[in-house]
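Only a predicted model underlies this, so the values are computations on that prediction, with no experimental measurement involved. Every chain is numbered from 1, with letters handed out A, B, ... down the list of sequences.
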Amino acid sequence: MTIAYRSEKCPVILGIETSCDETAAAVVARDEAGAPTILSNVVYSQIDDHAAFGGVVPEISARAHAEALDGIVTAALDEAGVTLSEVSAVAATAGPGLIGGLIVGSVMAKAIAHARGIPFLAVNHLEGHALTPRLTDGLAYPYLMLLVSGGHTQILLVRGLGDYERWGTTIDDALGEAFDKTAKLLGLGHPGGPMVERAAEDGDPKRFSFPRPMLREARLDFSFSGLKTSVRQAAEKNAPVSRQDVSDLAASFQAACADTIADRMDRAFARFRDMLPEIAAPTIAVAGGVAANQTIRHALETAARDAGFTLVAPPFRLCTDNGAMIAYAGLERFEAKMSDPLDTPVRSRWPLDRRAQPVIGYGRRGAKA
Amino acid sequence: MPQSGAHLILAIDTALDDCSAAVFDARANLVLGKRTERIGRGHAERLPAVIDAALAEASSEFSDIAMIAVTIGPGSFTGVRVGVAAARGYALALAIPAIGVTTLEVMAEAVRRDTPVLAVHDAKRGEVYALLMGADGEILKAPEALDPAALVDFAGAAGERLVLAGSASGIAADLFGIERTATADPTSQIDVAVVARLVAEGRSQQPVKPLYLRNADAKPPSRHFNLFAEPT
């Protein structure tokens, strides 16, 4: 397949993602038929660098990004078979995330754009996740989005490019963070999500009755901090814990998370129907690493089916942090004739929905959530 | 000017308080354009405009640039990464090489006459970063993070007659004694023209890799209580 790259019709975007512990770069293009195509998607996970610390250490992450990024960008270009002279614009995650990594990614993206005389696009990481179902499944606006990762837990109405309504968010820990902290507590290691899921396989999800935080509350927000405390208390009460205890704790924790997600999504589905009755066949898309958890995925599938929604889940490697989603968000922005100046700052906090009321931590850097 | 005729060095420094860029003609040994802004923070946002200013003063374009020179530290961790990420980005985009220069050798070279130079920068937390350069410009001791008390040992025989450079030269002057040392202006920072010159003369050939001289602050987690009967 030959594509007339860098024509008006077929822009080619280089995307860079460095907001947490993946150093990632990708090339995404619009092909002549009008479909977005991932030409390359290179992700270097720093997971081993952080394993000893039980979580992501910001300075270690920033150092690893600075070390690896230009090699990852070169690999992405090589794999895509394009040279920078064929690239129409460079997009980079400018927030939210860990500031050290964001600086490395955006500075390199700006340098490339500056030297080549092509536009720079500062992309919101959450927008990358939110638009991924359009890249993978060609979803039309509007649709509902559930983002569940180590850093974010949000329900979004995706109305159009740059037009997002945040319906719910966590008021304390992100869901993936709750998994990580539970894994750490139970001595299961890092990353917590897959470890808890594995431990839960032969556990009894009904043995411990953990709280379903904020169940039956009309607002669509989440809270996982109390759940985490309950797990700790139950563990302490049963200490010393056996392997079976750990499995039962993990399974019961996971069940509480799944019930909470299902309850919140039920309400979101109803609100979507009220607000947009003209959408006959609505869609819920899911993204974020926690979307890979089978118990949560199953709860989500059931809730969506019962509400008449189609569940769209992009492939796992596009659900977790990656450069393709940033390149794709850049592609949509480029096609909408947007670009950002080279003095655009990175932002550790950057809500996708500027109208949303901050739920916690409104400080100098803006709302935490 | 076609790429093949490119012969200029673009030097960048964001490692300390300044955000600087210079365009240097290696053949003529001449600074064609230079911009230094003492901003303390915000290097990442400011750097492209600073480079544009240096290029404009030099009446040059990116296509005239044959090599990137950049300070790689020691300095502010974030500042060092801004410089390294930018240098690697410009080098990648222009398909030209990039060379690293340590901040301390720039400080030393800027004041070197006919004696060895000890460059000492305040590293905070009771430490200094130090480098020793011989009277002929040779690096006698590569950059290290030291307790100031170790500076006299570090300088060795060269400590008999020294020029001190850098923000911690006051501390060093007390240690070596006034009669053995001359002190350069301790408030002066990095002259980005020297960054370019060290690379032009082939004296600095470091890879463009951050020189932190200090590990990241991170401790493995301590378990608050032991849930398990036996260690896991």
Heavy-atom closest contact ([X] atom, [Y] atom, distance):
X: A/Ile112; Y: B/Ala93; value: CA-CB, 3.8 Å
X: B/Gly89; Y: A/Met108; value: CA-CG, 3.7 Å
X: B/Tyr212; Y: A/Ala66; value: OH-CB, 4.5 Å
X: A/Glu59; Y: B/Ala216; value: CG-CB, 3.4 Å

Ion pair check, A/Lys110 and B/Glu45, cut-off under 4.0 Å: no
Exceeds 12 heavy-atom contacts within 6.0 angstrom, atom CZ of B/Arg203: yes
Over 12 foreign heavy atoms within 6.0 Å of CZ, A/Arg198: no
Top contributor to chain B contacts, counting heavy-atom pairs under 4.5 Å, from A/Gly105, A/Ala109, A/Ala115: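 Option with the top pair count is A/Ala115.
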For chain B, the option from A/Ala62, A/Gly100, A/Pro58 that forms the most heavy-atom pairs under 4.5 Å: A/Ala62
Matching residue for B/Arg88 among A/Asp70, A/Val107, A/Val104 - test: side-chain contact (heavy atoms from CB on, under 4.5 Å): A/Asp70
Engaged part of B/Ile51 at the chain A interface, taking heavy atoms whose separation is under 4.5 Å: side chain
Region of B/Ala44 that comes under 4.5 Å of a non-hydrogen atom in chain A: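 For B/Ala44, heavy atoms of backbone and side chain both lie under 4.5 Å from chain A.
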Heavy-atom donor-acceptor pair, B/Arg81 side chain to A/His65 backbone, under 3.5 Å: no
Euclidean distance, A/Arg116 CZ relative to B/Phe62 CZ, rounded to 0.5 Å: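 Nearest 0.5 Å value for the CZ-CZ distance: 11.0 Å.
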Between CG on residue B/Asn215 and CZ on residue A/Arg63, distance to nearest 0.5 Å: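 Between atom CG of B/Asn215 and atom CZ of A/Arg63 there are 6.5 Å.
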Tell me, side chain or backbone of [X] under 4.5 Å from chain B's heavy atoms, or both, or neither?
X: A/Leu69; value: neither
X: A/Ile99; value: neither
X: A/Val90; value: neither

Criterion side chain to side chain contact (heavy atoms under 4.5 Å, CB included) on A/His114 and B/Asp52, from CA distance to verdict: CA-CA 9 Å; A/His114 191 199; B/Asp52 279 339; 2.7 Å; yes
